[in-house]
Protein chains: 2
Amino acid sequence: MNTTTLSHEIADTLRTEILRQQYRSGERLPSERDLAARFSASRGAVREALSQLDQLGLISIQPGGVRVKPIEEASIAILGPLLSLSDTPNLLLVDQFLQTFAAMSALNAREALTVANTEQLAQMRAMVAAVHKSGTEVAASQKEWVEFMEYLAEVADNLVVRLIGNDLKAQFVNRMVKEELKITLKKKAVADVVQSLNEGLETGDRDIFSNAVLHYFDQLRAAVIETLNQRLAI
Amino acid sequence: MNTTTLSHEIADTLRTEILRQQYRSGERLPSERDLAARFSASRGAVREALSQLDQLGLISIQPGGVRVKPIEEASIAILGPLLSLSDTPNLLLVDQFLQTFAAMSALNAREALTVANTEQLAQMRAMVAAVHKSGTEVAASQKEWVEFMEYLAEVADNLVVRLIGNDLKAQFVNRMVKEELKITLKKKAVADVVQSLNEGLETGDRDIFSNAVLHYFDQLRAAVIETLNQRLAI
DNA sequence: GAATGAAAATTGGTCTGACCAGATTGGTCG
DNA sequence: CGACCAATCTGGTCAGACCAATTTTCATTC
């Protein structure tokens, strides 16, 4: 997908303006003819751009004019651009992303433990061991944690969660990579998480297993927020 | 939004064909000129339709042809149409929808209990009482449960979860309303859930509170699946 | 001044035909 | 068989035209 087409540029610009609340919900955008003049483009290119925004749930196109819809009706595909509106990421939104990843991962953990066969359980144990060995530096242990979470997703095999996770992750990582954060988790906390994961695996207790995943994300969230806060204090 | 525009009809048709795997991932769709001939439409209308599908993550448009992308890269906006592919809803997908609603609601419950003020806690107690009084027939108690879950969402105020929930709910309800299901939950199970909700509210224990929400959805899922299975057995 | 209805203007919906840039395919040659 | 080139095909975009639906303006009445 070549994102430099004119229609995409127009759509991106209008999306940013809408997310910046330059237009209120219910208000009309400039007409297609005016937008075409503004962007020195054909009406066709503008219409394609508006089709994209319509699919994002940001606008409602009807004869008489294009109207902006309430943000609550938008697709999750606007969350990455929302996070990218400012030079520094919105702390609350970052936290909400991570909370949602946590909930999705906990659901995968719960379901994976429910359906896993003997071989898959053994694989999970091996991955928890690898995660344990990888330490508390997020950058260094990222690979192992990501692999573990992705294996849970694969075993759980929930398409709804997969689509949500893929979409949110792509948007979040795309934005947060620019921050080059150095995150360190507390050694004891990670050890507790790993212990709970192992306990869940041994006892087959889905609550323990999924709560361990939640606690891992609690630690990650706290560390990310703290690091970003230190950035702001500078 | 007038969904009867030609470009939407074309997009809907192509989306269905893609979801039915008439085209494999990586394969090219017919050319815009061929599609225009097939749909007796202008190339402009076809291009608008393809812009919509591109935004859905279903296709990748580039010079040389439009290619189908792997389903895992698609937006959650394809889940409703996926559920609507057959006369009877796919049981697994229905279960996955409900699992995801459960996870989102549990997250809202957890977070709401964390941030709620005195007045909001009192409102939650009143709503749990209303839910208790409304009985075990899902159709009759739906209003109270929905209001309760929406209040949790409002208190938690997680935009990411809100957008996911709104999108999935619209698609799911739009499809399932056609089934006109009669769902009844077990009286004891509902009473247990309500008791746990109250316990969570009194003790401030977020695990108990959110697990109660999960258990409610467990019951709902089991009942929905059972009812749909009885449909299939006929 | 407010309400109503009709006419005019504006807006989206779609078409046709043209041209350009990039990708694909098929043929030829070593 | 592999490399190269030309022809063809495909998407990207444009301008101008016309029709259907909505909004705005204006005139009339109370």
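Every heavy atom of this structure was used, including side-chain atoms; hydrogens, water molecules and symmetry mates were not. Residue numbers start from 1 in every chain, and the chains themselves are labelled A, B, ... in the order their sequence lines are given, proteins ahead of strands.
Atom CZ in A/Arg33 sits roughly 10 Å away from atom P in C/dT10 (whole-Å rounding). The separation between A/Ile10 atom CD1 and D/dG12 atom P is 13 Å, rounded to whole Å. Atoms NE2 (A/His8) and C1' (D/dG11) sit 13 Å apart, rounded to a whole Å. One can place CG of A/Leu6 at 15 Å from P of C/dG22, the figure rounded to the nearest angstrom. Put simply, CD1 on A/Ile59 is 14 Å from C1' on C/dG13, counting in whole angstrom units.
Taking every heavy atom of both residues into account, A/Ala106 and A/Ser210 meet most closely at O-CB, 3.4 Å.
Taking the side chain as every heavy atom from C-beta outward, B/Phe172 and B/Leu98 approach each other to under 4.5 Å. Counting heavy atoms from C-beta on, the side chains of B/Arg67 and B/Tyr23 never come closer than 4.5 Å.
A salt bridge between A/Arg231 and A/Glu179 is present, with a side-chain N of the basic residue lying under 4.0 Å from a carboxylate O of the acidic one.
Taken to the nearest 0.5 Å, the CD1 atom of A/Ile18 stands 10.5 Å off from the OG atom of A/Ser25. Atoms CD and CE, on A/Glu147 and A/Met127 in that order, are 5.0 Å from each other to the nearest 0.5 Å. In this structure, CG on A/Leu92 lies 9.0 Å from CG on B/Leu159, to the nearest 0.5 angstrom.
Annotation: proximity of residues 34-51 of chain B to DNA chain D (heavy atom, distance under 4.0 Å) is found for B/Arg43, B/Arg47, numbered in ascending order.
When A/Arg221, A/Gln99, A/Met176 are each tested for a side chain to side chain contact (heavy atoms under 4.5 Å, CB included) with A/Val94, only one passes: A/Met176.
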Contact list (N/O, under 3.5 angstrom) for nucleotides 21-23 of chain D vs protein:
from, atom 1, to, atom 2, distance (Å)
D/dT22, O4', A/Pro63, O, 3.4
D/dT23, OP1, A/Arg67, NH2, 3.0
D/dT23, O3', A/Arg28, NH2, 3.4

